[in-house]
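Here the structure is laid out as structure tokens; the discussion comes afterwards.
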2 protein chains.
Amino acid sequence: MLRISKLTDYGTMILVHLAVHQGRLHSASDVAAGTRLALPTVQKLLKLLARSDLVRSVRGAEGGYVLARGPGSISAADILDVLEGPLSITECSTSDSRCELEDGCPVGGAWQKINRGIRGALGEITLADLAHPPREFPLVDLSGRTGRIRQRIPTS
Amino acid sequence: MLRISKLTDYGTMILVHLAVHQGRLHSASDVAAGTRLALPTVQKLLKLLARSDLVRSVRGAEGGYVLARGPGSISAADILDVLEGPLSITECSTSDSRCELEDGCPVGGAWQKINRGIRGALGEITLADLAHPPREFPLVDLSGRTGRIRQRIPTS
DNA sequence: CCATACTGGACTAAGATAGTCCCATATAGA
DNA sequence: TCTATATGGGACTATCTTAGTCCAGTATGG
């Protein structure tokens, strides 16, 4: 079902919260209050995010978290990479798992190609888009044509 | 990571096998031999697929399975629906789960919209495409424009 | 010094997934 | 009719993943 985990969903809420209230530090408690998520969960996720290059942290009293970059420079693919690991739609498309069926596998990497297509699309969606989503993300072209359809427009 | 389960991957292999060797019935043992998958797993998956409208079964001696429709009329979305249940990227986008955070949720259904976009794209990819995949499924447009980009072309 | 806040990791319960197996039912052909 | 060959339906288990919590350590401002 192409699902993302709850934690990734929560993580996205947290990032959106940081994007909307930019310009100052936010403690984990602040974020928990602002998003209505449980504090321990928020702490865990912020720790994770801070280890990536999406969020920066300041330790000590009066410390907290900020977005490391503008919301227009953080893509949905970035978020998924951090919160779910490098995304790959099937197990055999991850680099470290060898598929012993590969020779006879008639799918021949189609899922992997689909995955790259989806990943490309998610690279075009920014945190700014998530904070102010358009009415609809329309259909998508996986049909066979090549090339980028749209340049990313930094919103900050 | 937007991953699909192993069983869905296997199921796709099975469907591709049926698509490539169309026109006759295939027993589960045949399919297991042809795909090199374990027989019990193949049996389980074929039973599942036969309950859907993607595969038809004939019972008894000399029985077996066939695709219920041409490979050009079965989409990747169809396959995922059968093997993984109706696909939804987040928990709160499934109909039967109420999200108690919905009011304050700043994501505002962005993931759901992305999900619909991806789902639309997967509806355009057919089993025929999976059997003979193009060099690459290109990038995808989730940018904000509306409307179908391509009509599905039945290949059988 | 101490209250505040991040850091790193351990830990548990619950759920999903993968894989196997058994018995019932249907059918073709000897 | 009998039997071998199939599918149909479901139970069952081991393993892994996920969600969620908690604790001891470290940094820092006042």
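In this text the structure is predicted, and so the values were computed from the model without any measurement. In what follows, chains carry the letters A, B, and so on, assigned in the order in which the sequence lines appear, proteins first and then strands, with residues in each chain numbered from 1.
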Review point. In whole angstrom, what separates B:Leu37's CG from C:dT20's C1'?
Key: 15 Å
Exercise for review: Calculate the interatomic distance between A:His26 atom NE2 and C:dT4 atom C1'; express it in whole Å.
Suggested key: 17 Å
Check your understanding: Under 4.0 Å: is that the gap between some side-chain N or O of A:Ser27 and OP1 or OP2 of C:dC6?
Key -> no
Check your understanding: Between the side chains of A:Asp78 and A:Ser75, is a donor N or O closer than 3.5 angstrom to an acceptor N or O?
Key -> yes
Study note, to complete from the structure: DNA chain C nearest-nucleotide lookup for A:Glu62 and A:Arg51: closer to the 5′ end is A:Glu62
Review point. What nucleotide among C:dA5, C:dT7, C:dT4 has an atom nearest to a side-chain atom of A:Tyr65?
Key: C:dT7
Study note, to complete from the structure: note: A:Asp30, atom CG; C:dC6, atom C1'; distance rounded to Å ~ 13 Å
Exercise for review: Give the nucleotide from the list C:dT27, D:dG8, D:dT21 with an atom nearest to the side chain of A:Thr41.
Suggested key: D:dT21
**Study point:** A:Ser5 side-chain N/O to D:dA19 phosphate OP1/OP2 under 4.0 Å
**Key:** yes
Check your understanding: Which one, D:dG8, C:dA5, C:dT7, comes nearest to the side chain of B:Ala50?
Key -> D:dG8
Exercise for review: Using a strict cut-off of less than 4.0 Å between a Lys/Arg side-chain nitrogen and an Asp/Glu carboxylate oxygen, indicate whether A:Arg24 and A:Asp30 qualify as a salt bridge.
Suggested key: no
Check your understanding: Can a donor-acceptor pair under 3.5 Å be found between the side-chain atoms of A:Arg59 and the base atoms of D:dT28?
Key -> no
**Study point:** Shortest side-chain distance from A:Ala61, nucleotide among D:dT7, C:dA28, D:dT28
**Key:** D:dT28
**Study point:** Distance in angstrom units between A:Leu39 CG and C:dA5 P, rounded
**Key:** 11 Å
Practice item. Just compare D:dG20, C:dA18, C:dG19 and give me whichever is closest to any side-chain atom of A:Lys6. Key: D:dG20
Check your understanding: Is the base of C:dG8 touched by the side chain of A:Lys44 through a donor-acceptor pair closer than 3.5 angstrom?
Key -> no
Review point. Whole-Å distance between D:dT21 P and A:Lys47 NZ?
Key: 13 Å
Exercise for review: Inspect the contact between A:Arg119 and A:Asp81 and indicate whether a charged nitrogen and a carboxylate oxygen are less than 4.0 angstrom apart.
Suggested key: yes
Exercise for review: In whole angstrom, give the distance that lies between atom CG of B:Asp9 and atom C1' of C:dT17.
Suggested key: 14 Å
Revision key, fill the gap. So CD1 of B:Ile14 and CG of B:Leu46: to nearest 0.5 Å the spacing works out to 5.0 Å
Point to revise | Rounded distance in Å - CG (B:Leu49) to P (D:dT7) | key: 13 Å
Check your understanding: Of B:Ala28 and A:Pro40, whose nearest nucleotide on DNA chain D comes first from the 5' end?
Key -> B:Ala28
Review point. Any idea which of C:dG9, D:dG20, C:dG19 is nearest the A:Tyr10 side chain?
Key: D:dG20
**Study point:** Minimum heavy-atom distance between A:Ile79 and A:Leu127, given as atom pair plus value
**Key:** CD1-CD1, 4.1 Å
Practice item. Round to a whole Å and report the spacing from CD of A:Gln43 to P of D:dA24. Key: 15 Å
